[in-house]
Amino acid sequence: MAQVLRPLSGIFQEQDYPNLLVGLDKPDDSAVYQVADDLAIISTMDFFPPVVDDPYHFGAIAAANALSDVYAMGGKPMMAINLVAFPDGIDNAIGILSEILRGGAEKVREAGAVIAGGHTVTDKEPKYGLSVTGHIHPKHILQKGGAKTGDLLILTKPLGSGVITTAHKNGRVEQSDLDNAIRVMSRLNNHSGQLAIQFGASAMTDITGFGLIGHSYEMANASQKDFHIHYSSLHWMTGAQRYAEQSIFAGGVFRNKNYFDQWVELHADLPDHQYNLLYDPQTSGGLFIALDEKNATHLLTELGNAGEDARIIGQVFEGNGQIVVKA
């Protein structure tokens, strides 16, 4: 992606747009544009094909995933635009699309935002997501860079949605495992994002398509620190380890591994299926927060009170962007 975007740097010079606080020069989860001394606008978008069969749940998951990028910056969503691709000739097309949009709309309403419009195109495969606009104080923006030596690393949701939804696509999932994954993926990161700001997080992102390792590397590299992650501290969705043992992996696992593995030091004796899980692409995953040690316990307590299943999974050390995986 960096190679694809590189030509744009010759068209848009950073110094010509001083109000663009976060853009292509330092890519992050969302773009941020300052419009007043105390107000900046967050802009982001995301959409993808169905990860579950139920149209309503697909819409809710896709909306939660798109909204998450605003929360990952520490902001609050204001409005969203539906992005829809839908095939011709599907039985009950109106009913299916209505349920997708209903799932998305109810999740946006839960976030305290509003659907303000949308755009639809014809495509061979259904796709749905949102373009989201949010707001934040310019001094409160959380980015991937900024993690400090000694910070603890907190993850707010369990991992494993990729292997579970892949097992679902292959007709090999247990319904209870899928139901649990749907609940996790549909959960907004709103409380986690606001609590991270409240307790002085130094850096933050969300865990999505690049998996835990990929997004950890992005944050470690942007911060120019090394991240030490303890495998035993990771929390997995019910069934994730079992499906991994059966090698039910999405292709994205191996694309992520082929690219990000060069920045990983493995200091643990992990079987292949456990190591592969670290690269499992997540859908609507949790927030990944770097926070000073003295506030980490207080944040965990408040996250628990808000119903989040957050865990401390590692720590920040001096370095240059390596991910050290320990037992």
Side-chain angles (χ1 to χ4, degrees), residues 2 21-22 25-30 32 68-69 71-75 136-157 159 189 192-208 210-235 256 259-268 270 275 278-279 282 285-304 308-327:
L21 305 182
V22 183
D25 61 303
K26 41 186 175 182
D28 217 294
D29 293 302
S30 304
V32 183
S68 183
D69 283 340
Y71 299 131
M73 306 299 292
I136 193 169
H137 193 289
K139 294 183 178 180
H140 296 164
I141 300 167
L142 274 177
Q143 295 182 247
K144 293 176 182 177
K148 301 173 183 176
T149 300
D151 280 354
L152 296 182
L153 298 169
I154 295 174
L155 183 59
T156 65
K157 285 185 182 182
L159 300 160
N189 283 323
S192 299
Q194 290 307 302
L195 286 169
I197 287 283
Q198 180 180 329
F199 284 92
S202 53
M204 186 161 66
T205 189
D206 58 345
I207 306 299
T208 52
F210 290 155
L212 177 62
I213 291 292
H215 292 289
S216 295
Y217 166 73
E218 287 186 329
M219 204 158 97
N221 181 59
S223 303
Q224 280 300 285
K225 302 292 182 182
D226 285 357
F227 285 8
H228 291 205
I229 293 174
H230 295 272
Y231 196 93
S232 59
S233 298
L234 300 179
H235 183 205
N256 287 341
Y259 182 71
F260 291 108
D261 197 53
Q262 61 188 304
W263 294 292
V264 176
E265 297 178 15
L266 183 60
H267 293 180
L270 299 179
Y275 188 52
L278 295 172
Y279 296 91
Q282 302 300 286
L287 295 182
F288 189 45
I289 305 165
L291 181 74
D292 66 85
E293 191 170 358
K294 66 179 181 180
N295 284 331
T297 300
H298 299 302
L299 175 58
L300 279 182
T301 299
E302 291 302 317
L303 286 170
E308 306 296 343
D309 192 4
R311 307 286 176 94
I312 295 173
I313 67 168
Q315 192 166 15
V316 179
F317 289 82
E318 286 295 318
N320 58 0
Q322 293 292 113
I323 306 299
V324 180
V325 178
K326 297 183 174 182

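- Smallest separation of non-hydrogen atoms from Ala268 and Lys326: CB-C, 3.6 Å.
- Gly75 and Ile136 get closest at one heavy-atom pair: N-CD1, 3.8 Å.
- The only member of Leu278, Leu234, Val264, Val324 that meets side-chain contact (heavy atoms from CB on, under 4.5 Å) when paired with Ile229 is Leu234.
- Among residues two or more places apart in sequence or in another chain, the side chain to side chain contact (heavy atoms under 4.5 Å, CB included) test is passed with Ile197 by His140, Leu142.
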For residues 212-222, tabulate all N or O donor-acceptor pairs below 3.5 Å that involve a side-chain atom, not counting sequence neighbours.
{"residue": "His215", "atom": "ND1", "partner": "Glu218", "partner atom": "OE1", "Å": "3.2"}
{"residue": "His215", "atom": "NE2", "partner": "Thr208", "partner atom": "N", "Å": "3.2"}
{"residue": "His215", "atom": "NE2", "partner": "Thr208", "partner atom": "OG1", "Å": "3.1"}
{"residue": "His215", "atom": "NE2", "partner": "Phe210", "partner atom": "N", "Å": "3.2"}
{"residue": "Ser216", "atom": "OG", "partner": "Leu212", "partner atom": "O", "Å": "2.6"}
{"residue": "Glu218", "atom": "OE1", "partner": "Lys144", "partner atom": "NZ", "Å": "2.9"}
{"residue": "Asn221", "atom": "OD1", "partner": "Gln224", "partner atom": "NE2", "Å": "3.4"}

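- Asn256 pairs by the side chain to side chain donor-acceptor pair (under 3.5 Å) definition with nothing, not counting sequence neighbours.
- In this structure, Asp292 CG and Leu299 CG are separated by 10.0 Å, a value rounded to the nearest 0.5 Å.
- For Glu318, the side chain to side chain contact (heavy atoms under 4.5 Å, CB included) partners two or more places apart in sequence, or in a different chain, are Thr149, Lys225.
- With Asp226 contributing its side chain and Gly321 its backbone, the two residues share a donor-acceptor pair below 3.5 Å.
- Listed by chain and residue number, His235, Arg311 satisfy the side chain to side chain donor-acceptor pair (under 3.5 Å) test with Asp309 (two or more places apart in sequence, or in another chain).
- Within the structure, no pair that satisfies the salt bridge (charged side-chain N to carboxylate O under 4.0 Å, His left out) test touches residues 293-303, not counting sequence neighbours.
- For Gln282, the side chain to side chain donor-acceptor pair (under 3.5 Å) criterion is met by Ser161, Asp280, not counting sequence neighbours.
- The side chain to side chain donor-acceptor pair (under 3.5 Å) search around Asp29 returns Thr205, not counting sequence neighbours.
- Between the OG atom in Ser202 and the CG atom in Leu152 there is a gap of 10.0 Å [rounded to 0.5 Å].
- A donor-acceptor pair is defined here as one N or O able to donate and one able to accept, closer than 3.5 Å; no such pair exists between the side chain of His230 and the backbone of Ser232.
- Asp28 contributes no side-chain N or O that, together with a main-chain N or O of Gln143, makes up a donor-acceptor pair within less than 3.5 Å.
- Applying the side chain to side chain contact (heavy atoms under 4.5 Å, CB included) rule to Ser192 yields the partners Thr156, Leu287, Leu303, Glu308; only residues at least two apart in sequence or on another chain are considered.
- Here the shortest heavy-atom pairing between Asn189 and Gly285 reads ND2-O, 3.0 Å.
- Judged by distance alone, with hydrogens and angles left aside, the side-chain atoms of Asp151 form a donor-acceptor pair with the main-chain N or O of Lys148 at under 3.5 Å.
- Here Leu270 contributes atom CG and Tyr275 contributes atom OH; the two are 8.5 Å apart, rounded to the nearest 0.5 Å.
- Side-chain contact, Asp69 with Ser30: no donor N or O sits under 3.5 Å from an acceptor N or O.
- Across Gly146 and Ser223, no two heavy atoms sit closer than the pair N-OG, 3.1 Å.
- Heavy-atom minimum distance, Asp261 versus Tyr279: OD1-OH, 2.8 Å.
- Once rounded to the nearest 0.5 Å, the distance linking CZ of Phe199 with CG of Leu291 reads 8.5 Å.
- His228 meets the ring-ring contact (aromatic ring centres under 6.0 Å, His included) test with Phe317; sequence neighbours excluded.
- Listed by first then second residue, pairs satisfying salt bridge (charged side-chain N to carboxylate O under 4.0 Å, His left out) with a partner in residues 192-208 number zero, not counting sequence neighbours.
- The structure places CD1 of Ile313 at 10.5 Å from CD1 of Ile289, a figure rounded to the nearest 0.5 Å.
- With sequence neighbours excluded, the residues satisfying side chain to side chain contact (heavy atoms under 4.5 Å, CB included) with Gln194 are Lys76.
- Phe260 and Trp263 have tilted rings, their planes meeting at an angle from 30° to 60° on a 0 to 90° scale.
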